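What follows is a single structure, and I will ask about it in a moment.
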Amino acid sequence: MFESVLGYVAGGTAVGVLARLLRPGADPVGWILTILLGIAGALLGGYLSRHLGVHHRALVWASALASAALLLMLFELLRDRRA
């Protein structure tokens, strides 16, 4: 279990960094919040996939990374609407 949480943290960090690199320029959110949102999304996706009965490791990772990317996009959309 501990290894999988560390894996989600690493995957979420990677998604956060990739999302930040894809959106260069001035960003008031910054690197740290982007990485934290990526980690939170990866943990959420891993949690949901395990409770939905997905046991294949590649599918769990795919859902974790997809939900991290989705969480980052949703945060950006919500932040842009407020401005």
Side-chain angles (χ1 to χ4, degrees):
M1 168 92 176
F2 185 68
E3 295 88 15
S4 63
V5 171
L6 286 178
Y8 294 141
V9 168
T13 301
V15 169
V17 168
L18 287 174
R20 181 69 175 120
L21 290 174
L22 291 175
R23 256 191 100 141
D27 190 7
V29 173
W31 281 92
I32 294 174
L33 187 56
T34 303
I35 290 170
L36 290 176
L37 284 170
I39 291 169
L43 289 171
L44 178 66
Y47 175 79
L48 290 175
S49 65
R50 293 212 187 263
H51 283 292
L52 290 175
V54 177
H55 297 293
H56 194 270
R57 182 173 232 148
L59 293 176
V60 172
W61 265 90
S63 67
L65 294 177
S67 64
L70 182 65
L71 185 62
L72 286 166
M73 289 187 328
L74 287 174
F75 183 79
E76 291 289 326
L77 285 173
L78 292 174
R79 191 190 71 201
D80 288 344
R81 284 188 180 175
R82 289 184 190 169

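What's counted below: heavy atoms across the whole structure, side chains too, no hydrogens, waters or symmetry copies. Computed from a predicted model, the values in this text were never measured in an experiment.
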*Can you name the nearest heavy-atom pair linking V60 to R50, along with the distance?*
CG1-NH2, 4.3 Å
*Going by side-chain heavy atoms closer than 4.5 Å, which hydrophobic residues are tied to I32, directly or by a chain of links?*
L36
*Hey, what do you get for CG (L52) to CG (L59), rounding to the nearest 0.5 Å?*
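Rounded to the nearest 0.5 Å, the CG-CG separation comes to 12.0 Å.
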*How far apart are the closest heavy atoms of L71 and L37, and which atoms are they?*
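Closest heavy-atom pair between L71 and L37: CD2-O, 3.4 Å.
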*Shortest non-hydrogen contact from L65 to G11?*
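The pair with the smallest heavy-atom distance is CD2-O, 3.5 Å.
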*asked:* Taking ring-ring contact (aromatic ring centres under 6.0 Å, His included) as the definition, give me every residue that meets it alongside H51, ordered by chain and number, with sequence neighbours left out.
replied: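 If we apply the ring-ring contact (aromatic ring centres under 6.0 Å, His included) test to H51, skipping adjacent residues, the hits are Y47.
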*Partners passing side-chain hydrogen bond (donor to acceptor under 3.5 Å, both in side chains) against S63 (at least two apart in sequence or in another chain)*: S49
*Minimal non-hydrogen separation, G45 against S67, with atom names*: CA-OG, 3.1 Å
